[in-house]
Amino acid sequence: MHYRPEEIEAKWRKHWNESGLYRIQEDSSKPKYYVLDMFPYPSGAGLHVGHPLGYIASDIFSRYQRMKGFNVLHPMGFDAFGLPAEEYAIQTGIHPAKSTEQNMETYRRQLRDLGFSFDWDREVQTCAPEYYKWTQWIFTQLFDHVYDQEADKAVHVSNLVAHLEQHGTDSLPYACEEELTFTASEWQGYSPKEKSDVLMNYRLAYRKIGYVNWCEELGTVLANDQVKDGLSERGGHPVIQKPMTQWYLRITAYAQRLLDGLEDLEWSDALKTMQRNWIGRSEGAQVFFDIDGSEEKIEIFTTRPDTIFGATYMVLAPEHELVQRLTTDEQRASVEEYVSKVMSKSEIERMAEREVSGVWLGAYAINPMTDERIPIWIGEYVLKDYGTGAIMAVPSDDDRDHNFAEKFDLPIIQVIDKSAHPNATRSDKVGKLINSGFLNGLEVKEAISKACEVIEERQRGKAQINYRMRDANFSRQRYWGEPFPIVYDTNGIPSALSVEHLPVELPATDNFKPAKDESPLARMQEWVNELPGYTRETDVMPAVAGSSWYYLRYMDPANNDALASDAAIKYWKDVDLYVGGAEHAVAHLLYARFWHKFLYDMGKLPTQEPFKKLINQGMIQGVIEFIHLDKRQEEGMRRFVSAELAEREGAEHFVKIPVHVSFVSDYGSDQSYLSEQGIKEFSAWRKEYTHATFEGVDSSAEMKDGSLVAITPDFKMTTSSEVGKMSKRLFNVINPDDVISQYGTDCFRMYEMFLGPIEQSKPWDTNGIDGVYKFLKKFWRLFVDDHGLIASSEEASAEELKILHTCIKKINGDVEKFSFNTCISALMICTNSLRDLTKLSQSTKEDLTKLIAPFAPHLADELWSILGHQSSVHLESFPSHEESYLTEDSIEYPLCINGKKRAMASFPADMQKSDLEKAALTHDGLSKWLEGSTVRKVIVVPGRMINIVVG
RNA sequence: GCCGAAGUGGUGGAAUUGGUAGACACGUUGGAUUCAAAAUCCAAUGCUAGCAAUAGCGUGAGGGUUCGAGUCCCUCCUUCGGUACCA
């Protein structure tokens with residue numbers, strides 16, 4: 001009998017499926033354990049080889065925990081709303097619901113083929129109305145709640161209204177966008193619309209103006225991802241930053257709790273640090289600066305109020321609302337030119353810009369401490385959404401301010417004497433204050449609190465805690481997402497729909513193109529005006545909405561009366577182990593924590609944190625191939641050139657367009673290129689480039705209306721290759737199906753684990769998969785030969801037990817550490833050693849089968865049945881090792897001279913330190929190293945090594 | 001730019017967390033088996049010098065701490081992830 005994965009794997013999957021082996025119920029007799037995978041976006045390219053890395057790891061752990069006696073919840077579903085399906089619909093006219101359903105079907109099949117122990121009865125899809133009913137419901141609750149900063153929790157908006165009725169804004173404890181001041185009687189006099197606008201300022205889900213990537217040509221908002229070098233990735237049209245009213249979620253109200261909650265989580269320090277830095281708590285001062293000749297004030301936040309005497313100019317973000325009003329006529333032309341230049345850049349480009357740039361508005365502010373007139377500038381290094389969008393610039397103690405002042409010749413006043421700290425850099429918070437009036441002589445720390453005191457005393461501001469994190473833009477002017485459960489009355493007053501009106505289903509359409517200046521839904525007038533007297537919100541929610549709470553839905557996926565029943569939530573509580581990519585480190589993981597805390601505040605959940613333990617799997621990377629499009633030639637004939645030509649003419653003139661790796665010859669190498677066939681495939685694929693020339697170093701081709709009109713012989717246009725994400729958007733997806741059909745699922749699973757630690761990223765490569773396949777065959781042959789099951793010995797030998805239990809010990813330890821690659825090495829070593837023995841006992845064979853069961857589940861169940869069992873090996877308990885089988889009589893010691901190994905010697909395991917020292921000094925192999933030198937010291941680490949220091 | 005991570009043979013990686021660097025595999029070379037091939041098995045394999053015993057060098061680069069550094073500290077380089085509308 002040979003090892004035939006294609007036969008046994010299909011058989012066992014069918015069997016598991018029919019017997020419902022992985023179906024799970026709440027069971028109070030067993031401890032619960034919830035293993036969650038980050039669910040996939042069902043892309044059209046199918047599951048790629050990177051997805052399973054985490055899924056295999058979590059499946060191994062789930063199976064292991066089950067065998068350790070836990071009731072394990074291990075579900076899977078789909079993050080099914082998103083941009084790619086919509087883009088695909090725009091290009092092909094195929095409805096996103098249809099393509100998404102097809103893609104999910106493919107994913108389901110592929111996931112089943114991987115032999116995962118998912119309970120498929122619990123599958124969720126974020127695009128299903130039964131699911132997004134509850135996404136919408138959570139949104140209505142966010143809309144109806146405000147954040148009470150004194151109670152430190154979310155409370156119903158009626159509390160705010162009651163407060164305003166009685167006290168106006170006096171000592172109002174609710175988190176808000178803008179500090180408002182009015183009395184109770186003023187509030188009572190407001191119109192319903194005015195009241196609504198005021199409440200909007202406090203709601204956890206609220207509307208305000210935000211900046212979006214606007215592409216006039218395409219008439220739509222683009223994702224950052226779809227913008228390259230200020231041009232749209234599709235078509236290469238200009239993109240600007242445009243203000244638009246958007247829904248936001250007030251995650252900033254939860255900033256401190258999100259920070260504090262990290263303490264007790266079993267997440268990597270790196271991940272916690274990333275979240276802490278993203279939240280970015282800083283203590284400092286809010287300060288108002290007067291403007292010379294104007295009633296307006298500039299509000300700034302600074303962490304260094306001590307340096308205020310050194311503030312010699314101010315910088316506003318170019319999109320700051322005061323810019324228009326403060327600009328003088330002489331400066332207007334250059335200011336406008338600068339603003340429009342900056343608005344064509346993305347935030348990342350602005351932050352990454354090394355060259356210092358800015359323009360003076362012509363206006364002056366007054367330094368509140370020195371009463372000096374200081375010029376007001378705008379500069380791209382100040383971002384609108386960070387802090388207040390304005391800074392006081394202190395060139396003496398801030399690097400970027402310093403560079404700016406040097407470039408524009410602005411005054412620099414030294415305000416801190418750092419002579420006592422010779423190694424301190426410009427921004428270090430050390431030294432004694434100078435040139436700073438009442439602060440002179442104070443240390444920085446004292447000066448900060450003194451400055452805050454005086455600022456407050458003079459009513460120029462106050463001490464303040466600031467967070468770098470911003471509220472989340474929750475609007476998308478798109479089709480394929482959750483509609484908002486919001487309607488507007490004839491006065492434009494928004495209200496949330498109650499749960500009996502949910503879900504608000506996404507209306508059917510066959511036109512997914514953006515409506516000029518509006519969301520695609522705005523075109524569907526019948527739907528918009530469905531409720532008499534009201535119009536519907538036409539934005540949709542972002543993909544992050546559905547993924548912020550899906551882990552709760554798995555607990556009770558079919559519930560139509562609540563997001564999940566109280567009983568299910570009480571039993572499963574939270575996720576014990578969450579496995580997913582590091583690319584979600586801040587966005588998804590912060591939003592989900594935020595929603596979880598909000599639902600906790602509402603009394604819906606018993607825990608404050610959703611994910612107790614988290615492992616980041618590394619990414620299996622792909623090779624991305626780019627071709628170079630000339631930016632200078634935007635109209636008519638597009639011009640593509642080879643990598644060398646782009647380099648020669650200057651890379652800044654070219655946009656790198658990712659191409660499908662299957663079009664590229666010698667893909668992944670330094671010499672990858674598009675051949676004649678390649679450019680034909682390319683232009684058939686990207687219709688917007690059917691009019692184009694393709695230039696290689698000494699060959700060229702021309703395409704008109706998609707057909708080749710001219711080409712030189714041996715055409716070759718080189719592409720540039722990069723290692724990066726495997727993603728449909730980059731057209732470099734490698735699918736696991738082929739690997740599985742060749743080697744089988746068990747082999748694929750083990751190979752992905754064998755590649756290295758799961759948290760490490762590496763490019764996909766099948767070198768070495770043969771080794772794993774050979775191992776499985778060898779393992780199989782420990783049990784079965786040409787005549788069937790090999791006869792077993794009566795009793796296990798001592799050597800057999802030692803080999804087996806060494807492996808059991810290693811695997812138990814390594815699985816707990818999620819070190820699966822070394823588990824597989826241990827199984828290989830164990831198999832190689834056992835092969836040298838003539839006969840194995842039945843109990844050894846059974847233990848081996850259980851050991852490999854989490855890794856190669858099909859193989860294990862086949863061997864288990866060959867060993868004579870009726871039920872599944874996956875219902876057995878995992879073996880634990882017996883220490884007494886492992887004892888050694890002697891230990892091999894390395895003998896070192898000055899830390900270098902010079903000889904080996906075997907000594908009894910129980911030999912004392914002093915005896916080891918003596919034995920080492922008289923060891924034959926060391927005599928030539930000890931001759932003629934004095935022994936200074938001997939270091940003996942029992943069980944480890946012996947080191948002799950000579951001099 | 002900022003935040004986080006990773007750099008070890010020809011390749012993927014291992015190293016009890018400061019104690020024998022290169023486990024386990026892939027690849028390569030040689031051999032066995034075979035009419036032949038596949039499959040399987042055995043042996044060698046970090047680099048340099050040497051017939052060999054052996055010696056020197058060696059964990060991205062440079063410096064430091066230590067009896068001893070892949071592991072700890074400092075500076076730098078490269079690659080990857082995130083950077084708020086990919087998911």
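Quick note on labels: first sequence line is chain A, next is B, and so on, each numbered from 1. Predicted model, so just to flag it, every value in this text is computed and none were measured.
Under a 4.0 Å N-O distance rule, the pair A:Glu319/A:Arg350 qualifies as a salt bridge. A salt bridge links A:Glu347 with A:Arg470: the distance from a Lys NZ or Arg NE/NH1/NH2 to an Asp or Glu carboxylate oxygen falls below 4.0 Å. A salt bridge is defined here as a Lys NZ or Arg NE, NH1 or NH2 lying under 4.0 Å from an Asp or Glu carboxylate O, and A:Lys272 with A:Asp269 fails to meet this definition. Look at A:Glu233 and A:Lys228 and you find a salt bridge, because one of the NZ, NE, NH1 or NH2 atoms lies within 4.0 Å of a carboxylate O, short of that distance.
Residues A:Pro96 and A:Phe81 have side chains not in contact (no heavy-atom distance under 4.5 Å, counting atoms from C-beta outward). A 4.5 Å side-chain heavy-atom check between A:Met38 and A:Gln617 finds every atom pair outside the cut-off. Here the side chains of A:Cys807 and A:Leu827 are in contact, with some heavy-atom distance below 4.5 Å.
Aromatic ring pairs are classed by plane angle as parallel below 30°, tilted from 30° to 60° and perpendicular above 60°; the pair A:His923 and A:Phe907 is perpendicular.
Between A:Tyr254 and A:Trp595, a ring centre-to-centre spacing not shorter than 6.0 Å is recorded.
Taking the C1' atom of each, B:C80 and B:C85 are spaced 23 Å apart, rounded to whole Å. Here the separation of B:C73 from B:U79, taken at their P atoms, is 24 Å to the nearest Å. A distance of about 12 Å separates the C1' atoms of B:U65 and B:G18, rounded to the whole Å.
Not one side-chain nitrogen or oxygen of A:Asn947 sits closer than 4.0 Å to the OP1 or OP2 atom of B:G19. Between A:Lys900 and B:G68, a side-chain N or O to OP1/OP2 separation shorter than 4.0 Å is absent. OP1 or OP2 of B:C41 has at least one side-chain nitrogen or oxygen of A:Arg835 nearer than 4.0 Å.
Across all strands shown, A:Arg478 has heavy atoms under 4.0 Å from base atoms, whether or not it also approaches the sugar-phosphate. The residue A:Lys272 sits apart from the nucleic acid: no heavy atom pair falls under 4.0 Å. Using a 4.0 Å heavy-atom cutoff across all strands shown, A:Gln226 reaches no nucleic acid atom at all. Within 4.0 Å of A:Ser475, counting heavy atoms only, lies at least one base atom of the nucleic acid. Base contact: A:His584 has a heavy atom under 4.0 Å from a base atom. Residue A:Arg902 is classed as a sugar-phosphate contact, given heavy-atom separations below 4.0 Å to backbone atoms only. Residue A:Ala543 is classed as a sugar-phosphate contact, given heavy-atom separations below 4.0 Å to backbone atoms only. Heavy atoms of A:Glu87 sit nowhere under 4.0 angstrom from any nucleic acid atom. Here A:Asn832 lies in heavy-atom contact (under 4.0 Å) with sugar-phosphate atoms only. Counting any heavy atom pair closer than 4.0 Å across all strands shown, A:Val772 reaches no nucleic acid atom.
Here the side chain of A:His584 pairs no donor or acceptor atom with the backbone of A:Gly581 at under 3.5 angstrom.
Toward the 5' end of RNA chain B, the nearer of the two residues A:Gly768 and A:Ile939, judged by each one's closest nucleotide, is A:Gly768. When each of A:Asn277 and A:Lys937 is assigned the nucleotide of RNA chain B with its nearest heavy atom, A:Asn277 is the one assigned upstream, toward the 5' end.
For B:C85, the base has a donor-acceptor partner in the side chain of A:Gln477 [N/O atoms by modelled type, under 3.5 angstrom]. Donor-acceptor pairing under 3.5 Å, judged by distance alone, is absent between the side chain of A:Asn898 and the base of B:C67.
Going from atom CG of A:Leu782 over to atom C1' of B:U40 covers 15 Å, rounded to whole Å. Here the P atom of nucleotide B:C85 and the CG atom of A:Asn473 are 5 Å apart, to the nearest Å. The separation between A:Met904 atom CE and B:G19 atom P is 16 Å, rounded to whole Å. Rounded to whole Å, the distance from NZ on A:Lys228 to C1' on B:C86 is 11 Å. In this structure, CG of A:Asp770 is placed 13 Å from P of B:A38, rounded to the nearest angstrom.
Side-chain atoms of A:Ile829 lie closest to B:A23 of the nucleotides B:A23, B:C86, B:G81.
Shown here, B:U17 is classed syn by the O4'-C1'-N9-C4 or O4'-C1'-N1-C2 angle, which is within 90° of 0. In B:G62 the O4'-C1'-N dihedral to the base is more than 90° from 0, which defines an anti nucleotide.
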Practice task
Mark up nucleotides 11-16 of chain B, 5' to 3', with B wherever a protein heavy atom is under 4.0 angstrom from a base atom, S wherever such an atom reaches only the sugar-phosphate, and - elsewhere.
Solution key: -BSS-B
Handout entry: Strand RNA chain B in bracket notation, Watson-Crick/G-U under 3.5 Å with | for pairs to another chain
Key = (((((((..(((......[....)))((((((.......))))))((((....))))..(((((..]....))))))))))))....
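For A:Tyr88, there are no ring pair (Phe, Tyr, Trp, His ring centres under 6.0 Å) partners at least two apart in sequence or on another chain.
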